[in-house]
Amino acid sequence: MSDFATVADFVVVYVAEAHPTDGWAMSGGMSMDIRQHRCLEERLAAAEMLALHDIPCPVLVDTMDNAAARAYAAMPDRLYIVLDGVCVYKGWPGPAGYQPEAVRDWLQKFSG
């Protein structure tokens with residue numbers, strides 16, 4: 001991300017927990033005890049836990065009605081490039097479609 005700091009702003013939007021311990025939990029990986037959020041305060045607390053993992057950009061938090069997740073089909077994760085309010089790159093849904101190198105390629109072409 002630092003390679004493109006002069007041409008792009010990066011953010012993470014934390015949406016509904018994809019693998020809550022009281023729902024479709026997964027073993028292994030970045031295991032954290034996070035239940036499905038029942039209120040905004042719980043979602044904010046979970047986002048703060050994520051931010052402790054040295055995320056190199058701001059972590060924004062979706063509303064409890066999941067407006068961002070619905071607008072961007074962001075579950076469980078997805079990469080986008082938005083330029084002047086227009087979506088110019090829409091990655092495939094993760095985890096299989098999560099391809100940061102495609103974002104890097106687009107930004108390299110854009111920045112010339």
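For reference, positions follow the sequence shown, starting with 1. No experiment lies behind these values; they were computed from the predicted model shown.
- For the pair D3 and R104, the minimum side-chain heavy-atom distance is below 4.5 Å.
- Two residues are said to be in side-chain contact when any heavy atoms from C-beta on lie closer than 4.5 Å; P56 and F10 fail this criterion.
- Atom CE of M64 is separated from atom CD of E41 by 9.0 Å, given to the nearest 0.5 angstrom.
- When side chains are defined from C-beta on, C87 does not count as touching I81, because their heavy atoms never get closer than 4.5 Å.
- The heavy-atom pair separating V59 from A51 by the smallest distance is CG2-CB, 4.2 Å.
- No continuous path of ILVMFWY side-chain contacts below 4.5 Å connects V82 to V88, so the two sit in separate hydrophobic clusters.
- By the 4.5 Å heavy-atom criterion applied to side chains, F4 and V7 are counted as neighbours.
- At least one side-chain heavy atom of L50 sits less than 4.5 Å from a side-chain heavy atom of I55.
- Within the model, atoms CZ of R78 and OH of Y98 stand 13.0 Å from one another, a figure rounded to the nearest 0.5 Å.
- Applying the side chain to side chain contact (heavy atoms under 4.5 Å, CB included) test to A68 and every residue at least two apart in sequence or in another chain returns V13, D62.
- Taking the six-membered ring where tryptophan is involved, the planes of Y14 and H37 are tilted, since the angle between them lies from 30° to 60°.
- Taking the side chain as every heavy atom from C-beta outward, P58 and V12 never approach each other to under 4.5 Å.
- Of all the heavy atoms in M75 and A69, the pair that sits closest is CG-CB, 4.3 Å.
- At a threshold of 4.5 Å between non-hydrogen side-chain atoms, the residues K90 and Y72 do not count as touching.
- Hydrophobic clustering (ILVMFWY, side-chain heavy atoms < 4.5 Å, transitive): W106 and Y80 are in distinct clusters.
- In this structure, the side chains of N66 and R43 come closer than 4.5 Å at one or more pairs of heavy atoms.
- Take T63 and apply the side-chain hydrogen bond (donor to acceptor under 3.5 Å, both in side chains) test, not counting sequence neighbours, and it matches D65.
- When hydrophobic clusters are built by joining Ile, Leu, Val, Met, Phe, Trp and Tyr residues whose side-chain heavy atoms come closer than 4.5 Å, directly or via intermediates, F110 is grouped together with V103.
- In Y89, the OH atom is crowded: over 12 heavy atoms of neighbouring residues, nucleotides or ligands sit closer than 6.0 Å.
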